[in-house]
Amino acid sequence: MSVTLFQQRVYDAVSLIPVGRVATYKGVADRIRCGSPRAVGQALRLNPFAPSVPCHRVIASDLTPGGFQGERAGPVLRRKVRLLEHEGIRFTGGRLAEPERLFTFERV
DNA sequence: AGTCGCCACGAAG
DNA sequence: CTTCGTGGCGACT
């Protein structure tokens, strides 16, 4: 069970997302100064601290839900959406209903 | 040591 | 829609 420094940064940043807000993979990547949001997704996929690290609050930049527990569609992804809706986040037509719910990290 | 191929992405065409 | 850039990482050689 090894956690790389990069993963540590990702999990640390994601932990800053408040309840009722969501961040994007790009937002997280920008926060930790990683040029590849894809790498962030890869780290979250291996998230060993779920659900302590609220990886379900990270969505794609086009405001679609992104993935969850290795799945990019199907009932598993629906569970992610359900979790978010339980926190007051609504999705309409497969995309985030209220973009003002987006959480943007402070620039370092 | 290097290389290769995979990704829960994003931007551009 | 498709393709390309991208950074990190595991599995190889």
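Each chain gets a letter, A, B and so on, in the order its sequence line appears, and its residues count up from 1.
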- Task: Write down the distance between CG (A:Leu83) and P (B:dA8), rounded to a whole number of angstrom.
- Result: 19 Å
- Atom CZ of A:Phe68 and atom P of B:dC7 are separated, to the nearest Å, by 19 Å
- Message: Please report the distance, rounded to the nearest Å, between CG in A:Leu5 and P in C:dC9.
- Response: 9 Å
- Note on the structure: A:Lys26 atom NZ is separated from C:dG7 atom P, nearest whole Å, by 12 Å
- Message: Would you say A:Ser61 places a side-chain N or O within less than 4.0 Å of OP1 or OP2 belonging to B:dG10?
- Response: yes
- Query: In terms of side-chain heavy atoms of A:Tyr25, which of B:dG10, B:dC6, C:dT6 is nearest?
  - Reply: B:dG10
- If you check every side-chain atom of A:Arg45, which of B:dC6, B:dA8, B:dG10 has the closest atom? B:dA8
- To the nearest Å, how far apart are A:Leu63 CG and B:dC9 P? 14 Å
- Query: Looking at A:Thr4, does any N or O in its side chain come under 4.0 Å of the phosphate oxygens OP1/OP2 on C:dC9?
  - Reply: yes
- Counting N and O atoms only, with roles assigned by atom type, does the side chain of A:Ser15 sit under 3.5 Å from a partner on the main chain of A:Tyr11, one being a donor and the other an acceptor? yes
- Query: Please give, in whole Å, the distance from C:dG8 P to A:Gln8 CD?
  - Reply: 16 Å
- Determine the contact category for A:Phe6: base if any of its heavy atoms lies under 4.0 Å from a base atom, sugar-phosphate if only primed atoms, P, OP1 or OP2 are that close, otherwise nothing. sugar-phosphate
- Task: Assign A:Arg72 to base, sugar-phosphate, or nothing according to its heavy-atom contacts below 4.0 angstrom with the strands shown.
- Result: sugar-phosphate
- Count the heavy atoms of every other residue, nucleotide or ligand shown that sit under 6.0 Å from CD of A:Glu106, and state whether that count exceeds 12. no
- Which listed nucleotide (C:dG7, B:dG10, C:dC9) is nearest to the side chain of A:Ser36? C:dG7
- For B:dA8, the Watson-Crick or wobble partner whose two distances fall under 3.5 Å: none
- Is any side-chain heavy atom of A:Leu84 less than 4.5 Å from a side-chain heavy atom of A:Val22? yes
- Query: Tell me: CZ of A:Arg33 to C1' of C:dG7, nearest whole Å?
  - Reply: 16 Å
- Quick one: on DNA chain B, does A:Ala39 or A:Asp62 contact a more 5' nucleotide (nearest heavy atom)? A:Ala39
- Task: Count the heavy atoms of every other residue, nucleotide or ligand shown that sit under 6.0 Å from CZ of A:Arg78, and state whether that count exceeds 12.
- Result: no
- Message: To the nearest 0.5 Å, what is the distance between CG on A:Leu63 and OG1 on A:Thr24?
- Response: 8.5 Å
- Message: Starting the side chain at C-beta, find the nucleotide from B:dG10, B:dA8, C:dG7 nearest to A:Cys55.
- Response: B:dA8
- Does A:Arg38 make a side-chain donor-acceptor contact with the base of C:dG5, cut-off 3.5 Å? yes
- Item | Separation of atom CD in A:Gln42 from atom P in B:dC6, rounded to whole Å | 12 Å
